Amino acid sequence: NEKSIISLSRNMLFRIWEVETGVCTKTFKSDNSLALDLCLEATGSLLAAGNTDRTVKVFDLRKGVRTHTFKGHTGVILKVLFHPKASRLQLYSSAEDRTIR
């Protein structure tokens, strides 16, 4: 939503920040790989992270836990994108291996 922003630091902590106040409202730990791209799905409840370990990980922002790990790329993930319609829960990824999944 327009009221929050998500950050991921090198210490693998996701933080959700309230834009107006600058207050961190939630913190949770990622895995042991650095994310190069993040994308929220349309309802704002899921976050996809494209990682340097060649995986795409999906996190439930309400619970602060990883729900899925997708493997298959042979290169670093450069871009992740959810379908813009909430009714179509589809996730796309592209990587250095020149593939889209």
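In this text, all values refer to a predicted model and were calculated from it rather than measured experimentally.
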Given a cutoff of under 4.5 Å between side-chain heavy atoms of I, L, V, M, F, W and Y, with clusters grown through shared members, what are the other residues clustered with L13?
none
When clusters are formed by joining ILVMFWY residues with side-chain heavy atoms under 4.5 Å apart, either directly or through shared neighbours, do L38 and F28 land in the same one?
yes
Residue pairs, two or more places apart or on separate chains, that pass salt bridge (charged side-chain N to carboxylate O under 4.0 Å, His left out) and touch [range]:
| range | result |
| --- | --- |
| residues 37-54 | D37-K79, D53-K57 |
| residues 42-51 | none |
| residues 61-72 | D31-R66 |
| residues 91-101 | none |

Looking at residues at least two apart in the chain, or sitting in another chain, which of them share a ring pair (Phe, Tyr, Trp, His ring centres under 6.0 Å) with H68?
F70
Residues in side chain to side chain contact (heavy atoms under 4.5 Å, CB included) contact with T21, at least two apart in sequence or another chain
E18, V23
What pairs with A86 under side chain to side chain contact (heavy atoms under 4.5 Å, CB included), at least two apart in sequence or on another chain?
A42, T43
Of all pairs that satisfy ring pair (Phe, Tyr, Trp, His ring centres under 6.0 Å), the ones with a partner from residues 72-101, not counting sequence neighbours:
none
Heavy-atom check, side chain of S93 versus side chain of V56, under 4.5 Å:
yes
Please enumerate all residues that pass side-chain hydrogen bond (donor to acceptor under 3.5 Å, both in side chains) together with S7, with sequence neighbours excluded.
W17
According to salt bridge (Lys or Arg N to Asp or Glu O under 4.0 Å), who are the partners of R15, at least two apart in sequence or on a separate chain?
none
